[in-house]
Protein chains: 2
Amino acid sequence: MAVKRNGTQGKRSQRISVSLQSVQEPLSEPPLSLERIVATAVELLDAQGVDGLTMRRLADRLGSGVMSLYWHVDNKEEVFDLALDSVLEYRGPPQMVESQDWRGEVVHMLDDWRASMLRHPWSASLLPRRALGPNILGRLELLSKTLSRAGVADTDLNVAIWSLWNYVMGATITRGSFDLSDDDRAAAQQRLTSERYPTIERSRLLLDSDWDGAFRKGLDFLLDGLAPG
Amino acid sequence: MAVKRNGTQGKRSQRISVSLQSVQEPLSEPPLSLERIVATAVELLDAQGVDGLTMRRLADRLGSGVMSLYWHVDNKEEVFDLALDSVLEYRGPPQMVESQDWRGEVVHMLDDWRASMLRHPWSASLLPRRALGPNILGRLELLSKTLSRAGVADTDLNVAIWSLWNYVMGATITRGSFDLSDDDRAAAQQRLTSERYPTIERSRLLLDSDWDGAFRKGLDFLLDGLAPG
DNA sequence: ACCTGAACACCGTTCAAGT
DNA sequence: ACCTGAACACCGTTCAAGT
C-alpha cells in the first residue's frame, strides 16, 4: 500500500483511484464512429446479454461521454438494430458457381444462418422484434432466388420461405435459450419427476435432445414437402 | 374554470388533481393476492406490451404501494413467468374420447397453442426466454402422449416434438411481430424497391403473405415426415 | 401475516452549451 | 462537425418499519 507511488498517476486522479480503467485501453482512443459503436455493442451483448447493453456502459467501453453516442445514433433501439444486422452478414457458399445442388445450397444457407445466431445468443431472441436490416433481407432474397430456380412455383414461394424462416427462427431461439439457462432446465426436470408428466419424463425431453440432429431432420421433412423433386 | 368546485374534491387533494384516478376503480380494493397480481399483469401486458409492465404501474393498477407486491412475489421475473404460463392454459379438445384421429388432435393442439399466443402478442417473444411453467409442460406432455399413441417410435419422439415446437414458436413469434410493426414493414418494403432484392420484391413477401395458410401447409409437411401413415 | 415510504443505484434521453 | 455535463423522469429492489 505504498502511498508514494500515487504521484505517478498524474494530475487526473482526484478521488480514490480510477478503478475501472482496464489495461487493454490504449489510453488514446480512436475517434468515435458508427462502426466502433456497433462493434463495441456486439462485444457488450456477447459478454453481458440483452440486458447488459446500456448506453452508459457502451459509452464507458468507448471511452466517451454517454451523450456523444447520440450524435451518431438516434436512440438505443437503433443500436440494437445495427448490432443485430451486423452479426447476420452472409458470405455465401464456398464456390459461387451455378450449382446444380439447390437443396444443398438451401441447407447450407439455413445452417449458416442458424450458426451465426448461435454464435451470438442474444441475436435470435432479438430478431423477431426488430426491423429487417439489409443483411437479413439479403439472406431472404438469396433464399428466394434459390428456391425459385429450383422450380418452386411463384404461388408457393411465400409459403415456402416463411415456413423455412419460421422453422429456423424457432429452432435457433429455443436452442439458444436452453443453452443459457441450465438452472431452469434442472428446475424443470425436477418438476417433471412429479407424477404429472410421465411421457416427457420417460423420453428425457429436456435433457437428452440432439438439437443439431433434430434441426436437420425437421428441415429435411420440410424441404421434402415444400419443393419435391 | 370555476375555482369554487375545488372544495367538493375533499380532503385528499393536495396538489392539482388526482388526474389518474380512473372511473372503474371501485374505491375499495379487494386485498392483494397472487391471482389479482397475475391477472392485472396480463391486462397491463396486453395493453402496453412487454416494456409497459412495470412494478410501479402494476401496483398503481392494483391500488397498492409498489413494495406490497414483493410480499407475494420474489421479483419482476417471477411476474413475467406467472403471467406467461397463465395465458397458456389448455382446455383440451372438444370431446375427450379416445379419438382415432391423432393427426387432427395434434393439429388442434398446435392451432390452439398458436392462437393463445396470438391473443397476447407479448407472450410468444417472451416464452423462449422464460422457465417452462406447468401449463407449457402440460401441453408438451399431451403432445408427446398423442404422438406416441400414434405410433411414433420412442427414439424419434424428441425429434418430432422439438421440430413441431420450433415450427410453432417460430411461426407465432414472426406473425406476432409483423402484426405489431406496420411501420417497420412499410419501411422495409421501401428499401425493397431499391434494386437489390428483386425476387422478394416480386413475390411481395412482406405484404401479401397468407400467414394462416402458410402455417397449416408447413405443419402438414412436417407431420407427413415426422409420423407417416 | 401483510403492507408501506424512503432511499439507493441505476436507466434513456432532452437541453443548452462547449470546441 | 463533433462532443459534453447537468438535469429530468423514470426504473427494480433493499431496508427498516409499521399494523
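Every chain is numbered from 1, with letters handed out A, B, ... down the list of sequences.
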Report task. For the pair E43(B) and R61(B), find out whether any cationic side-chain nitrogen is under 4.0 Å from an anionic carboxylate oxygen. Result -> yes
Query raised in the report: Considering only dT13(D), dC3(C), dC3(D), which nucleotide approaches the side chain of N75(B) most closely?
Result: dT13(D)
Requested in this report: Send over the distance from Q48(A) CD to dC11(C) P, rounded to a whole Å.
Outcome: 10 Å
Report task. Would you kindly give the CG-to-P distance between D51(A) and dC11(D), to the nearest whole Å? Result -> 16 Å
Query raised in the report: Which whole number of Å gives the distance between the P atom of dA17(D) and that of dC2(C)?
Result: 22 Å
Query raised in the report: What is the distance from CE of M67(B) to C1' of dG12(D), rounded to the nearest Å?
Result: 8 Å
Query raised in the report: Based on Watson-Crick and G-U pairs with both distances under 3.5 Å, what dot-bracket line describes DNA chain C 5' to 3', crossing pairs as [ ] and inter-strand pairs as |?
Result: ||.|||||...|||||.||
Query - Basic-acidic side-chain contact under 4.0 Å: R91(B), D112(B) - result: no
Report summary line: From CG of L34(A) across to P of dA1(D) the rounded distance in Å is 17 Å
Query - Distance, rounded to the nearest Å, where K76(B) contributes NZ and dC11(C) contributes P - result: 15 Å
Query raised in the report: Side chain of D85(A), backbone of N135(A): donor and acceptor closer than 3.5 Å?
Result: yes
Query raised in the report: Can you check whether R57(B) has a side-chain N or O nearer than 4.0 Å to OP1 or OP2 of dC11(D)?
Result: yes
Query raised in the report: Would you say the side chain of N158(A) lies within less than 4.5 Å of the side chain of D210(B), judging by non-hydrogen atoms?
Result: no
Requested in this report: Ignoring backbone atoms, establish whether T54(B) has a side-chain N or O less than 4.0 Å from OP1 or OP2 of dC11(D).
Outcome: yes
**Report entry** Residues which pass side-chain hydrogen bond (donor to acceptor under 3.5 Å, both in side chains) with D46(A), listed by chain and number, not counting sequence neighbours
**Finding:** H120(A), W122(A)
Query - Atom pair distance, as rounded to whole Å: CG in L53(B) and C1' in dG12(D) - result: 12 Å
Query raised in the report: Between atom CZ in R56(A) and atom C1' in dC8(D), what is the gap in whole Å?
Result: 11 Å
Query raised in the report: Nearest-Å distance, CG (D60(B)) to P (dA9(D))?
Result: 17 Å
Query raised in the report: Got a salt bridge between D212(A) and R114(A), using NZ or NE/NH1/NH2 to carboxylate O under 4.0 Å?
Result: yes
Query raised in the report: Are W165(B) and T174(A) linked by a side-chain donor-acceptor pair shorter than 3.5 Å?
Result: yes
**Report entry** Closest to the W71(A) side chain, choosing from dC3(C), dA1(D), dT13(D)
**Finding:** dA1(D)
**Report entry** Side-chain N,O (H72(B)) to OP1/OP2 (dC3(C)) below 4.0 Å
**Finding:** yes
Query raised in the report: Are OP1 or OP2 of dC3(C) and a side-chain N or O of S64(B) less than 4.0 angstrom apart?
Result: no
